2 protein chains.
Amino acid sequence: MAQAKAIEAPPVEGGNNATDRCPMIDFVNLVSGKWAIPILYRLIVTGCPIRFGELQRAVAPITQKELTRQLRLFEHRGLVYRKVYAEMPPRVEYEITPMGRTLRGTLDSLADWMRVNASHLIT
Amino acid sequence: MAQAKAIEAPPVEGGNNATDRCPMIDFVNLVSGKWAIPILYRLIVTGCPIRFGELQRAVAPITQKELTRQLRLFEHRGLVYRKVYAEMPPRVEYEITPMGRTLRGTLDSLADWMRVNASHLIT
DNA sequence: CGGCATCCCCGCAGATACTG
DNA sequence: CAGTATCTGCGGGGATGCCG
């Protein structure tokens, strides 16, 4: 099931893109960076549209630049919706997409593991 | 470093150590870097001692330097055993620890998600 | 308020060569 | 074969300032 015989990667026909290896590499490429997972997880547990500023406070101390960058990446990859309201002052809301939501179980598991083992790990 | 201020850390009951924030941040700190998760996962699915060279081939195309660095980090954190044989030529074997092994379910889930969704994701 | 633009630092990570 | 040393770059990501 979750086996990965990476070494002798069977030659995939056609111009398969870079996702021919271990799925872990794909995952790291997808959520690389210090803030990607925390942002995603926040959007998932929130579950409803959330404003930029509120999100930033929730994932503090991230900078606006980085939060914007990551959100744009997620939007481009179909993990996050972005909704702009033509108001004054401006309002922008972000929300996890159904596909993004399917990460919930995995990320919960991850968070649980971390909560259990954080105290045993040397920093 | 990423210390800054604990903006609005909700008071957690009991003795509260350095891991007072979102466990996701701890996780990213633990396995930051391009190769950490692939290496760890490889050691987990292998399940038995594996030589340095073989591990490197399995997680190709990682460099020796990076593989050494990550393995040392994992060893220091109690996720990986390191066993040196006084032979000629030298032989060093690495193995996942029981604590590291407990990550299996989480990482399997992660890999499964990636396999399912890789094709839907814009690179 | 959201989000570009700019400047800049530092550490991940690659390439290469050398040692026991 | 495993590991170290050195050089190098690239980009993540922080700080600040301006604009609609």
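This structure is a prediction, so every number in the text was calculated from the model and none was measured. Residue numbers start from 1 in every chain, and the chains themselves are labelled A, B, ... in the order their sequence lines are given, proteins ahead of strands.
Over its full length, the helix from C:dC1-D:dG20 to C:dG20-D:dC1 turns its helical axis through 40°, comparing axes from the five pairs at each end and rounding to 10°.
Checking the phosphate oxygens (OP1, OP2) of C:dG14, a side-chain nitrogen or oxygen of B:Thr63 falls inside 4.0 Å. The side chain of B:Arg82 contributes an N or O atom lying less than 4.0 Å from OP1 or OP2 of D:dG3. Between A:Arg72 and the phosphate of C:dC4, there is a side-chain N or O to OP1/OP2 separation shorter than 4.0 Å. Between A:Arg51 and the phosphate of C:dG2, there is a side-chain N or O to OP1/OP2 separation shorter than 4.0 Å. Listed pair A:Trp35 / D:dG12 fails the phosphate criterion, with no side-chain N or O lying under 4.0 Å from OP1 or OP2.
The interatomic distance linking B:Gln64 (CD) with C:dA13 (P) rounds to 16 Å, in whole Å. Rounded to an integer number of Å, the gap from CD1 of A:Ile50 to C1' of C:dC1 is 15 Å. For the pair A:Glu66 CD and C:dC8 P, the interatomic distance rounds to 19 Å; values are reported in whole Å. The CZ atom of B:Arg91 sits 11 Å away from the C1' atom of D:dC1 (whole-angstrom rounding). As rounded to whole Å, 17 Å separates atom C1' of C:dG2 from atom CD of A:Gln70. If you take OH of A:Tyr85 and P of C:dG2, they are 12 Å apart, rounded to a whole angstrom. Atom-to-atom, CE of A:Met88 to P of D:dC19 comes out at 14 Å; the value is rounded to the nearest Å. Between A:Arg69 atom CZ and C:dC4 atom C1' the separation is 14 Å, expressed in whole Å.
Of the possible polar contacts, one joining the A:Gln56 side chain to the A:Ile62 backbone as a donor-acceptor pair under 3.5 Å is found.
Side-chain atoms of B:Arg82 and B:Val80, non-hydrogen and from C-beta on, never get closer than 4.5 Å to each other. Side-chain contact between A:Tyr81 and A:Ile96: absent, with no pair of heavy atoms (C-beta onward) separated by less than 4.5 Å.
The residues A:Glu54 and A:Arg57 are annotated as not salt-bridged, no charged nitrogen and carboxylate oxygen being separated by less than 4.0 angstrom.
Taken together through direct or relayed side-chain contacts under 4.5 Å among Ile, Leu, Val, Met, Phe, Trp and Tyr, A:Ile50 and B:Met24 form part of one hydrophobic cluster.
Checked by distance alone, B:Lys65 brings no side-chain donor or acceptor within 3.5 Å of a matching partner on the base of D:dG3.
Atom CZ of B:Arg42 sits about 15.0 Å away from atom CD1 of B:Ile37, to the nearest 0.5 Å.
Contact annotation for A:Tyr94: backbone-only contact, meaning every heavy-atom pair under 4.0 Å involves sugar-phosphate atoms and none involves a base.
Annotation: salt bridge (Lys or Arg N to Asp or Glu O under 4.0 Å) contacts of A:Glu75 (sequence neighbours excluded): none.
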